[in-house]
Amino acid sequence: MSKTIKKWSLICLLVGVIGVGALLWPAAKWTHQNVTTLAKRHDSRMSPVIFIPGSSATQNRFDQLVTKLNTKRGNRHSLLKLTVHTDNKISYSGSIRSGDNEPFIVVGFENNKDGYSNIKKQAKWFSIAFNELAKRYQFNNFKAIGHSNGGLIYTAFLENYFDRDDITVKKLMTIGSPYNFSETSLAHKSQMLTDFIKNREKIPTNFAMYSIAGTENYENDGIVPARSVEAGKYIYQGQAKSYTEITVTGDNAQHSDLPQNQQIISLIEQYVLTKTTNRNQPPRTGTQNNESTE
């Protein structure tokens, strides 16, 4: 073999090696970054509580609830608020304090109007915010609280957008959520409830679900019929790991007052939040049924 042929053979070999390396390097870099991200998420101790307000409410909806909880719990929870705009962009206010493993995060929407079509849009917008939060804070689990339509948005999100093996939802608490809109009879199912029931098997099976109803007269909370809240059993009972119904009566049991209701604040402490040390567990309030009946 001539020196010229050997020379060109070496050059071709060198070019080939460089080409293969150029192709493998991005893949190797992506793999390294992906493994690092998974490791950070796996080791994360953060378990945020993510709130969704109801229709016509903003990211400030839970301010009183947060203040009351922090007053009782020694300002343990920092507060971050997000608003998802109709162009899918997100604006932020507040922050998560360093070392806070159970921060409160509220996700509101520029379009916060009522109606099934808007609820479906809001579920999609929430998924955008959720994925951004998961990327930014690397948590591997979270707790969920939705007031009124916020519970419906969470249901639509779990059925249509939450398909992750690296993050689990530990608890879901919905407060005065009208799963059957304004229907007062469980015999008449709205299109939304029908769709939720049809897709219920997409909901994760490893979390505890609490559905809270407020009643002024044992029939409604001034806006949402108690039977509409009860309709949540057709979606979650037998699908979630556990399903509990709780009825709150008395002062501040009207629909818009429920997030500030002292009984509900105690229920959030008891069932959703990490227990504080050297503190007696708050008593159970209201009535509850693990297996509800019509």
Side-chain angles (χ1 to χ4, degrees), residues 41 44-55 57-84 90-109 112 122-123 125-154 157-158 162 167-177 207-212 252 256-277 279 281-282:
R41 192 179 305 283
S44 174
R45 298 179 61 187
M46 181 181 287
S47 180
V49 184
I50 305 178
F51 296 79
I52 303 180
S55 61
T58 70
Q59 71 276 12
N60 300 318
R61 182 66 180 87
F62 298 99
D63 284 0
Q64 289 187 48
L65 181 151
V66 170
T67 297
K68 289 183 177 182
L69 280 170
N70 270 329
T71 298
K72 293 182 67 176
R73 294 169 62 85
N75 294 318
R76 292 167 56 90
H77 309 276
S78 48
L79 177 61
L80 175 67
K81 303 177 187 179
L82 285 69
T83 298
V84 188
I90 303 172
S91 57
Y92 297 80
S93 62
S95 62
I96 294 179
R97 184 176 61 251
S98 177
D100 184 358
N101 291 327
E102 196 174 44
F104 292 154
I105 302 174
V106 180
V107 179
F109 309 96
N112 56 9
Q122 289 153 2
W125 286 321
F126 178 74
S127 73
I128 293 172
F130 181 86
N131 290 333
E132 182 62 30
L133 288 168
K135 180 180 178 182
R136 180 175 295 194
Y137 296 106
Q138 300 294 324
F139 51 85
N140 57 48
N141 72 85
F142 71 103
K143 282 90 72 173
I145 296 178
H147 173 236
S148 191
N149 280 9
L152 309 181
I153 295 167
Y154 254 125
F157 166 72
L158 292 175
F162 186 65
I167 302 176
T168 58
V169 52
K170 295 179 67 176
K171 310 283 180 64
L172 169 62
M173 179 176 284
T174 62
I175 305 168
S177 293
F207 69 96
M209 197 283 182
Y210 304 91
S211 178
I212 301 177
N252 293 327
S256 61
D257 293 332
L258 290 174
Q260 295 83 247
N261 182 288
Q262 189 56 54
Q263 294 182 75
I264 290 177
I265 289 173
S266 294
L267 290 169
I268 291 173
E269 279 196 290
Q270 181 175 352
Y271 292 117
V272 178
L273 302 182
T274 301
K275 302 296 186 293
T276 58
T277 57
R279 186 178 62 85
Q281 183 170 317

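Computed from heavy atoms alone, side chains included, the values below leave out hydrogens, waters and symmetry copies.
Screening R97, R73, K275 for a salt bridge (charged side-chain N to carboxylate O under 4.0 Å, His left out) involving E102 leaves a single residue, R73. Partner of F130 under the side chain to side chain contact (heavy atoms under 4.5 Å, CB included) criterion, chosen from V107, I50, L82: I50. The ring-ring contact (aromatic ring centres under 6.0 Å, His included) with F162 is formed by just one residue from the set F157, Y154, F126; it is F157.
Under a 3.5 Å cut-off, the side chain of S177 and the backbone N or O of N149 do not form any donor-acceptor pair. Listed for the K68 side chain is no donor-acceptor partner under 3.5 Å among the backbone atoms of Q262. The closest donor-acceptor contact from the side chain of R45 to the backbone of G99 lies at 3.5 Å or more, if one exists at all. A side-chain donor-acceptor contact under 3.5 Å links K143 to the backbone of S47. A donor-acceptor pair under 3.5 Å is formed between the side chain of N261 and the backbone N or O of N252.
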Inset, instruction - Decide side-chain hydrogen bond (donor to acceptor under 3.5 Å, both in side chains) for S44 and Q138; before the verdict, give the C-alpha distance in whole Å, the side-chain angles of both, and the deciding distance to 0.1 Å. - result: CA-CA 7 Å; S44 174; Q138 300 294 324; over 6 Å; no
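Annotation: side chain of I96 is in contact with side chain of I105 (closest heavy-atom distance under 4.5 Å).
Within the structure, side chain to side chain donor-acceptor pair (under 3.5 Å) pairs that include any residue of residues 167-176 comprise T174-Y179 (at least two apart or interchain).
To the nearest 0.5 Å, atom CD of residue Q59 and atom OG of residue S91 are 6.5 Å apart.
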